[in-house]
Amino acid sequence: MDLNFSGPVTRVVTIEETTQVGQARREALSLASQAGFNEGDAGRVALAATELATNLWRHGGGGRMYLSVIAGHDGPGVELCTIDRGPGFVLAQALQDGYSTGGSQGLGMGVIARQSRVMDVWSDDRGTVVLARIHAERAPRDADLAYGAVRLPIKHEDACGDAWHLQVQARQLTLTMIDGLGHGVLAAAASEAGVRASALAPAGEGAVDRIARLHAGLSGSRGGAAAVACLSLDNGAIDFAGVGNIAGSLLIADTSRGMASMPGIVGVQYRKAQAFALHAPAGTLMVMHSDGVQARWSMRDYPGLQHRHPALVVAVLHRDFDRGRDDVCVVALRAGAF
């Protein structure tokens, strides 16, 4: 499988009243069109979005829906994710038609599951996160890729200065993250220049060489932080290099190992990047994020979350550790699942 995918900005719809359910449905249909879905598949997306938004308003006390086009094994899909501050529920119960926490017919969660290739839920005392990933009906059963991402601009901005890129070529997966200096249009221009440079990289390029490529690509911009992780799909070996304040972690069983970045500004000035050799056994969760997310999180505070879908992990981390005063980008992926 070859892949060259630049992560889009995540769309967000606030659901605080019933009229906003329609907005969520329209946004979902827009993404279904962008993903190239036919009328039937677009209808499945619209139905899932309507049920998710309705549940968010009716049972979760309101919240937000995040919507994204996602990469898949056989073409793009659509991801819908809702986040609330409600009382929570048990997924196994909610999937049974007729079960309801609020006096409805109790069909919503079952409907969502039937439209989705992936459905996962995290519920704790801070609220509930519901994830649904929908791929085209014609796509193979293993169409979903085990990664997740959130990319959002700072409040009151449309342009996002954080960006990420995922490349799979010649049995190597390369994840690149760029945080343009500051925020707004100029920060976005810097990060997008880095994404374009990364998308043109040849197969098998190492992390240090990729950082040098990004440095050239960001030249003339305000620059930014950047990190690159090159994962061998054959043996789990990781070649990592980072410049600036981008955090990386490998979550292996019950341990967490940091991925160190060096000082500097890519595109402006930095000493030669240093490569670090790491290893990610199958099942390892790799997480990278910009400094829009606090780095003090620990999976020990979320028993079991590490082993759930990476997109669910990303949503929970963003929910609980978003600084709220900068652009934000979080990406997680599962080693051995590509």
Side-chain angles (χ1 to χ4, degrees), residues 1 3 5 7-15 18-60 63-84 89 91-100 102 104-123 128-150 308-312 314-315 337:
M1 177 194 73
L3 182 67
F5 185 77
V9 174
T10 307
R11 299 191 189 187
V12 182
V13 178
T14 299
I15 310 291
T18 185
T19 59
Q20 291 166 322
V21 172
Q23 182 185 355
R25 181 178 181 277
R26 289 188 293 273
E27 290 283 357
L29 280 171
S30 173
L31 290 185
S33 176
Q34 186 177 326
F37 280 13
N38 62 29
E39 184 176 353
D41 291 328
R44 292 167 47 231
V45 171
L47 180 56
T50 300
E51 293 293 342
L52 279 165
T54 300
N55 285 345
L56 187 62
W57 164 69
R58 180 177 292 162
H59 303 292
R64 294 164 293 168
M65 178 183 287
Y66 290 176
L67 307 94
S68 299
V69 170
I70 55 173
H73 272 294
D74 189 36
V78 174
E79 178 182 290
L80 310 172
C81 184
T82 57
I83 300 175
D84 69 40
F89 60 88
L91 178 60
Q93 293 177 330
L95 288 176
Q96 300 175 31
D97 288 345
Y99 176 84
S100 174
S104 67
Q105 292 182 351
L107 302 176
M109 296 302 289
V111 169
I112 296 163
R114 288 189 284 273
Q115 311 312 313
S116 309
R117 291 291 177 89
V118 173
M119 182 178 177
D120 208 348
V121 173
W122 180 261
S123 193
T128 297
V129 179
V130 181
L131 169 73
R133 286 185 151 199
I134 303 167
H135 293 271
E137 195 70 45
R138 59 171 174 75
R141 298 308 303 173
D142 64 349
D144 191 66
L145 295 177
Y147 84 93
V150 169
R308 308 290 281 276
H309 196 285
L312 196 68
V314 163

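As a basis for the values below, the full set of heavy atoms in this structure was taken, side chains included, without hydrogen atoms, waters or symmetry mates.
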Chemist: Go through the steps for Leu56 and Arg64 under the test side-chain contact (heavy atoms from CB on, under 4.5 Å), then give the verdict.
Modeler: CA-CA 8 Å; Leu56 187 62; Arg64 294 164 293 168; 5.6 Å; no
Chemist: Rounded to the nearest 0.5 Å, what separates atom CD in Gln34 from atom CZ in Arg11?
Modeler: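 Spacing of CD (Gln34) from CZ (Arg11) equals 6.0 Å.
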Chemist: Ion pair present between Arg138 and Asp74, side-chain N to carboxylate O less than 4.0 angstrom?
Modeler: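 A salt bridge is present here (some side-chain N lies under 4.0 Å from a carboxylate O).
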Chemist: CG/Asn38 to CG/Asp41 distance, rounded to the nearest 0.5 angstrom?
Modeler: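 Answer rounded to 0.5 Å: 4.0 Å.
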Chemist: Is there a side-chain contact (heavy atoms from CB on, under 4.5 Å) between Ile70 and Leu145 once you walk through the steps?
Modeler: CA-CA 9 Å; Ile70 55 173; Leu145 295 177; over 6 Å; no
Chemist: Mind listing the closest non-hydrogen atom pair of Val13 and Gln20 along with its distance?
Modeler: CG1-O, 4.1 Å
Chemist: Any side-chain donor-acceptor pair under 3.5 Å between His135 and Asp144?
Modeler: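 A pair is found: one side chain offers a donor N or O, the other an acceptor, under 3.5 Å apart.
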Chemist: Please report the interatomic distance CG(Asp120) to CG(Leu131), rounded to the nearest 0.5 Å.
Modeler: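 Rounded to the nearest 0.5 Å, the CG-CG separation comes to 6.5 Å.
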Chemist: Going through the distances and angles, do His309 and Arg133 end up as a side-chain contact (heavy atoms from CB on, under 4.5 Å)?
Modeler: CA-CA 11 Å; His309 196 285; Arg133 286 185 151 199; 3.4 Å; yes
Chemist: Using only atom types and a distance under 3.5 Å, with no angle test, would you say the side chain of Arg117 pairs donor to acceptor with the backbone of Asp142?
Modeler: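 Such a contact is absent between Arg117 side chain and Asp142 backbone.
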Chemist: Nearest heavy-atom pair of His73 and Met1: which atoms, and what distance?
Modeler: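 What the structure gives for the nearest pair is ND1-SD, 3.1 Å.
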Chemist: Please find the pair of heavy atoms, one from Ala53 and one from Met65, that lie closest to each other, and give the distance.
Modeler: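 Taking Ala53 first and Met65 second, the nearest heavy atoms are N-CE, 3.7 Å.
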Chemist: Determine whether Arg26 and Leu29 satisfy the following criterion, side-chain contact (heavy atoms from CB on, under 4.5 Å), listing intermediate values before the conclusion.
Modeler: CA-CA 5 Å; Arg26 289 188 293 273; Leu29 280 171; 5.7 Å; no
Chemist: Mind listing the closest non-hydrogen atom pair of Ala149 and Thr10 along with its distance?
Modeler: O-OG1, 4.4 Å
Chemist: Does Gln23 use its side chain to pair, donor to acceptor, with the backbone of Thr19 at less than 3.5 Å?
Modeler: no
Chemist: Identify the heavy atoms of Ala24 and Ile15 that sit nearest to each other, and give their distance.
Modeler: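 Answer, listing the atom of Ala24 first, then Ile15: CB-CD1, 4.0 Å.
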Chemist: Does the Arg25 side chain pair with the main chain of Ala49, one donor and one acceptor, at a distance under 3.5 Å?
Modeler: no
